[in-house]
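The analysis underlying the following values was restricted to heavy atoms, covering all of them including side chains, and did not include hydrogens, waters or symmetry mates. A, B, ... follow the sequence lines: proteins, then strands. Residue 1 opens every chain.
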Amino acid sequence: MHNQLSEQEIIRRDNLTKIINLGIEPYPSETYEVNATTKEIKDNFKEGDTTYQSVSLAGRLMSRRIMGKASFAELQDSTGRIQLYVSRDDIAPGEDKTMYNDLFKKFLDLGDFIGIKGYAFYTQMGECTVHVTELKLLSKSLKPLPVVKRDEEGHTFDAFTDPEQRYRQRYVDLVVNPEVKKVFEQRTTMYNSIREYLNQRGYLEVETPILQPLYGGAAARPFVTHHNTLDMKLYLRIANELYLKRLIVGGFDGVYEFSKDFRNEGMSRFHNPEFTQIELYVAYKDYEWMMNLVEEMVEKIAIDIHGTTEVQVGENLINFKRPWKRYTMYEAIQEFTGIDISEMEESELFQTAKKLHVDVDESMGKGKLIDEIFGEKCEGKLIQPTFITDYPVEMSPLAKRKKDNPALVERFEAICNAKEICNAFSELNDPLDQRSRFEAQLELGKRGDEEAMVLDEDFLNSLEYGMPPTAGLGIGMDRLAMIMTNQKSIQDVLFFPQMKAKKG
RNA sequence: GACCUGGUAGCUCAGCUGGUAGAGCAACGCCCUUUUAAGGCGUGGGCCCUGGGUUCGAAUCCCAGCCAGGUCACCA
């Protein structure tokens, strides 16, 4: 890093002092009253209308085309851009032409925040424009923004595309790439849609600890921290599952939380160290009931964002319209490999996996083998939203066993665009079974599995008081946002994705 | 973690098998009162990611490193 100023930065600082010398405050603090947005004017103003004849707008100056005593410029506010027409004798009506000749033409720079008053009209070229009668500097910009231009056919010139700069300086990305803002607005629509759906059903949005003395509810390596006063080790949560279930024990019928979770693992275009899940727990329900909820809720999300159940994701047009296809894991494997593994024992499964060229090794148990075959042969082919049910018990230490087959659990995932978008099950509420499942996890931990769960004595204590039959759900909000907004990388649905610190 | 690709002006990029660093936009100066991605003419602007090496000479070749993207591996 060098903190040498560039030529353009020096010029802008110079302009700043010239503005101050004119007696103009470059960073005024009073409210600037705005009575319209650029979008509103462009959408509604018609030639000859008496509306928008006294507008007040504020935003950034994004381009300037000076033609002597008159100029065209563009103002960008949070809703878009509109053209401004600035004539010398309007903003500097008397003898003193400083406002136009110096301030507007020389001392303002692209990116400066200005407030303008004026009236809307159409130019001879048919462009909706605001004729400026008053102009005020609201905040001076000292660094040059990238100048991105677009023509009528939507071709972009000199786009600001370098991913590293876009993510590290998201503020610049947002100013200059309007489609980026849209992604994040859609992400928020998704959250609002879910809140609306769940609140309407009477479920309570809650908050549970992020700093936890024990981490649980998922298989992952945690971040570790330390509390000075208590002098104790704390973990950043990897999930909030065990806390929400304690609330069900406590007597709530339905609780949910948008949970920022943290996992100390590798990064990829599907993994950021901190990410968001929504988890939902509803008493007296099971996973079948929860499947219906997911279908209905995700269908609503698509409609709230796009106005239709169909969403274009890369090459694929995905339709979230209910009902979605449902397979048991065995059925899915049979569908995509033609092999029925439902009656197979471990050795036969192992041979089958090898025959299918699935990468397996001797350490894998029956459940893991099935999961590997599914992951390798089926998941990638599931583009339209599909439920997969009945997972092996070994993979699911917090889920309830199936009545008719204790090797399986009442669990489902929804797969969409070849990726898991949710995970849900009938929650295990038998405290004795839960204890033995935790103990099995401890064994895995002793054998070196760094992601094995730890035994949470207080959680078991809560189950011993009694938890009603409960259905639980987790949805990866970032992954779902990627699908709903058609983005290839998780970094594109997070404002500030994690980046390695720059040296220097 | 492995491999591949990249890092040059504020932005987007050229710069071949080594010979003093280039374009467009942006900036600066001058001319222009309804123009439009880019009006005309002119002018500046670079630790060429960092550190070593080879060479008379390195943006370019070699080695090491940093950062990023992609593919794969790992992974609820």
Please report the distance separating the [atom1] of [N] from the corresponding atom of [M], rounded so that it comes out in whole Å.
| N | M | atom1 | result |
| --- | --- | --- | --- |
| B/C11 | B/A38 | C1' | 15 Å |
| B/C13 | B/A9 | C1' | 11 Å |
| B/G45 | B/A27 | C1' | 8 Å |
| B/G19 | B/U12 | C1' | 28 Å |
| B/C56 | B/A64 | P | 24 Å |
| B/C3 | B/U8 | P | 24 Å |
| B/U60 | B/G53 | C1' | 15 Å |
| B/A58 | B/U20 | C1' | 12 Å |

Describe the nucleic acid contact of [X] in one word from base, sugar-phosphate, nothing, applying a heavy-atom distance below 4.0 Å.
| X | answer |
| --- | --- |
| A/S63 | nothing |
| A/K69 | base |
| A/E127 | base |
| A/R411 | base |
| A/F275 | nothing |
| A/F121 | base |
| A/Q124 | base |
| A/F157 | base |
| A/R269 | sugar-phosphate |
| A/R12 | nothing |
| A/R88 | nothing |
| A/R65 | base |

Note to self: Taking the nucleotide of RNA chain B with the nearest heavy atom to each, does A/M267 or A/T123 sit closer to the 5' end?
What the structure shows: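 By nearest-heavy-atom nucleotide position, the 5'-most residue is A/T123.
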Next item on the list: For A/S87 and for A/V148, find the nucleotide of RNA chain B with the closest heavy atom, then tell me which residue's nucleotide is more 5'.
Entry: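 First, find each residue's nearest nucleotide; the 5'-ward one identifies A/V148.
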Please tell me which of the listed nucleotides, [options], lies nearest to the side chain of [X]?
| X | options | result |
| --- | --- | --- |
| A/D158 | B/G45, B/A68, B/C25 | B/C25 |
| A/R168 | B/C67, B/U12, B/A76 | B/C67 |
| A/Y85 | B/C67, B/U33, B/G24 | B/U33 |
| A/M67 | B/U12, B/U34, B/A76 | B/U34 |
| A/V147 | B/G29, B/A26, B/U34 | B/A26 |
| A/K106 | B/U34, B/C30, B/A68 | B/C30 |
| A/H271 | B/C75, B/U34, B/A68 | B/C75 |
| A/D109 | B/U33, B/A76, B/C28 | B/C28 |
| A/A219 | B/A76, B/G45, B/G69 | B/A76 |
| A/S6 | B/A76, B/A37, B/G10 | B/G10 |

Notebook entry, point to check: Do the charged groups of A/R166 and A/E164 touch, with an N to O distance under 4.0 Å?
Noted result: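 No, no charged N to carboxylate O under 4.0 Å.
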Check: In Å and rounded to the nearest 0.5 Å, what is the CZ to CZ distance from A/F223 to A/R221?
Finding: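 Between A/F223 CZ and A/R221 CZ, I get 10.0 Å after rounding to 0.5 Å.
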May I ask you to evaluate whether [X] reaches the phosphate of [N], defined as a side-chain N or O under 4.0 Å from OP1 or OP2?
| X | N | value |
| --- | --- | --- |
| A/Q491 | B/G69 | yes |
| A/K143 | B/G10 | no |
| A/K149 | B/A26 | yes |

[N] - base-pair partner by Watson-Crick or wobble geometry, distances under 3.5 Å:
| N | value |
| --- | --- |
| B/G46 | none |
| B/G1 | B/C72 |
| B/G19 | B/C56 |
| B/G51 | B/C63 |
| B/C30 | B/G40 |
| B/A14 | none |

To the nearest Å, give me how far apart [atom1] ([X]) and [atom2] ([N]) are.
| X | N | atom1 | atom2 | result |
| --- | --- | --- | --- | --- |
| A/K488 | B/A68 | NZ | C1' | 17 Å |
| A/E265 | B/G1 | CD | P | 15 Å |
| A/R166 | B/A68 | CZ | C1' | 13 Å |
| A/F72 | B/A38 | CZ | C1' | 16 Å |
| A/N101 | B/C32 | CG | C1' | 13 Å |
| A/L142 | B/G10 | CG | P | 16 Å |
| A/D371 | B/C75 | CG | P | 10 Å |
| A/E9 | B/G44 | CD | P | 21 Å |

Check: Less than 3.5 Å between a donor and an acceptor, one on the side chain of A/Q165 and one on the base of B/A68, is that the case here?
Finding: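 No pair found.
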Next item on the list: Assess whether one donor atom and one acceptor atom, taken from the side chain of A/D162 and the base of B/G69, lie less than 3.5 Å apart.
Entry: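 By the distance-only test, no, there is no pair.
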Does atom [atom1] of [X] have more than 12 heavy-atom neighbours from other groups under 6.0 Å away?
| X | atom1 | value |
| --- | --- | --- |
| A/K381 | NZ | yes |
| A/N21 | CG | yes |
| A/E315 | CD | no |

Next item on the list: Show your reasoning for whether side-chain contact (heavy atoms from CB on, under 4.5 Å) applies to A/Y27 and A/L16.
Entry: CA-CA 10 Å; A/Y27 300 101; A/L16 176 68; 4.1 Å; yes
Note to self: Check the orientation of A/F438 and A/F459. Use parallel for under 30°, tilted for 30 to 60°, and perpendicular for over 60°.
What the structure shows: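 Ring orientation, 0 to 90° scale: perpendicular.
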Next item on the list: Check the angle between the aromatic planes of A/Y100 and A/F104 and answer parallel, tilted or perpendicular using the 30° and 60° thresholds.
Entry: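 Ring orientation of A/Y100 relative to A/F104: parallel.
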Next item on the list: Apply side-chain contact (heavy atoms from CB on, under 4.5 Å) to A/D261 and A/F275, showing your working.
Entry: CA-CA 5 Å; A/D261 295 337; A/F275 65 102; 3.9 Å; yes
Check: Are side-chain heavy atoms of A/F160 and A/N177 found at a separation under 4.5 Å?
Finding: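 A/F160 vs A/N177: side chains touch.
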